[in-house]
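Below: the structure, in structure tokens.
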Amino acid sequence: MLKGIVVKAYNSYYYLQSGNKIITCHLRGRFKKGRFSLIVGDEVTYTLTGPEKGIIEDILPRRSMLKRPMVANVDQVVLTFAAVNPDINPALIDRFLVIAEYSELDIIICINKIDLANIDTIASLVERYVQVGYRMFTVAAKTGIGIAKLQEYLHDKISVFAGPSGAGKSTILNAVQPGLELTTGEVSHKIGRGKHTTRFAELLPLNGGGFVVDTPGFSFTDFSEMEEAHLMDYFPEIAQIAPTCKFNTCIHYKEPQCAVKQAVAEGLIHTERYQSYLDILTEIKASKRGF
Ligand code: GDP
Ligand code: ZN
């Protein structure tokens, strides 16, 4: 049986990457009934009905499922921030990290525009997140610094980029895969493109294997679907220490004998990371009260 991966879905056609060919397919009739849906990123088996045409016979089990945008089998998210312009904002990094952890994706943090940056500021920020266990990359998409190393980590994986507008996601993708020619631009210039965020995502193949999703992931940060008691799970350094708190219901807020607060006082957990935790906790509490 032939195998392929859905790279694009359009008007009931599915475009499969299979080897180095693109096969244009329909779904076998039995799949069209019921609630079955095939999405970009799905791995399928198919039979050929003509040159580069086929019918999808079956869908293989999904390894993961990203909702915004809808893509199956995403392996990792590259959270992208500018070092400067817009200035780096650790609280914003933490917010994106929480959403990425909640989505159960492997995470790479990419700090772009280091050609414009103060090296010491960036080094201490990199250190903060390396301590937590995150993979950190510093790049300058415009000059090519760090791009080769990032390419290695994208190899044979399905990666989605996420991060604030203007961070340089499109510029990085263009640098990673020459020929993509995605539109880039200043923040103000791109606001008019907002509509595009609702269209269906596509997978863009990388030379030598792997794909990147053409549409950025989860740009709207809304914590209302999270539970207060689970927020700590999205801060690895807090989750690690939490079991040693006096109360097993401790959410590291106002409880006595909290090992997390102790760790913050001792400098084992970064104060700003803990502050980000408290800020998001407060937002979740407020959303549960219906504000
Ligand atoms: P996106 O909204 O995250 O896709 O950001 P873009 O890729 O459109 O980039 C936003 C702006 O930052 C553009 O004007 C880019 O030319 C600029 N930019 C991107 N990467 C770099 C970089 O490494 N260095 C510098 N100086 N500017 C960059
Ligand atoms: Zn605690």
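As the structure lists them, so they are numbered: ligands from 1, and atoms in each ligand from 1. Since we're looking at a predicted model, the values are computed, not measured.
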Determine whether the aromatic ring centres of His26 and Tyr13 lie less than 6.0 Å apart.
->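 Yes, close enough.
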Would you say the ring centroid of Phe81 lies under 6.0 angstrom from that of Phe96?
-> yes
Among Ala83, Gly166, Ser170, Ala175, the residue with a heavy atom nearest to atom 2 (O) of ligand 1 is Gly166
Do Thr24 and Tyr14 have a side chain donor and acceptor closer than 3.5 Å?
->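 Not at all, the side chains of Thr24 and Tyr14 share no donor-acceptor pair under 3.5 Å.
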Does a donor on one side chain and an acceptor on the other come within less than 3.5 Å for Thr45 and Glu57?
-> no
Test: [X] cationic atom under 6.0 Å from [Y] six-membered ring centre, within 45° of axis:
{"X": "Lys149", "Y": "Phe137", "answer": "yes"}
{"X": "Lys8", "Y": "Tyr15", "answer": "yes"}
{"X": "Lys285", "Y": "Tyr253", "answer": "yes"}

Taking the inter-plane angle between the rings of Phe235 and Tyr277 on a 0 to 90° scale, is it parallel (under 30°), tilted (30 to 60°) or perpendicular (over 60°)?
-> perpendicular
Can you list the atoms of ligand 1 that are under 4.0 Å from a heavy atom of Asp115?
-> 22 (C), 23 (O), 24 (N), 25 (C), 26 (N)
Atom indices of ligand 1, in the order listed, that fall short of 4.0 Å to a heavy atom of Ser165 = 2 (O)
Pairs of nitrogen or oxygen atoms closer than 3.5 Å, one from [X] and one from ligand 1: do any exist?
{"X": "Leu116", "answer": "no"}
{"X": "Thr184", "answer": "no"}
{"X": "Ala140", "answer": "no"}
{"X": "Thr171", "answer": "yes"}
{"X": "Thr183", "answer": "no"}

Cys258 SG and Cys245 SG subtending at the Zn ion (ligand 2) (10° steps) | 110°
Residue His252 atom name (nearest to the Zn ion (ligand 2); N/O/S) |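 Nearest to the Zn ion (ligand 2) within His252's N, O and S set: ND1.
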Have a look at ligand 1 and work out which part of Thr80, if any, has a heavy atom under 4.0 Å from it: side chain, backbone, both or neither.
-> neither
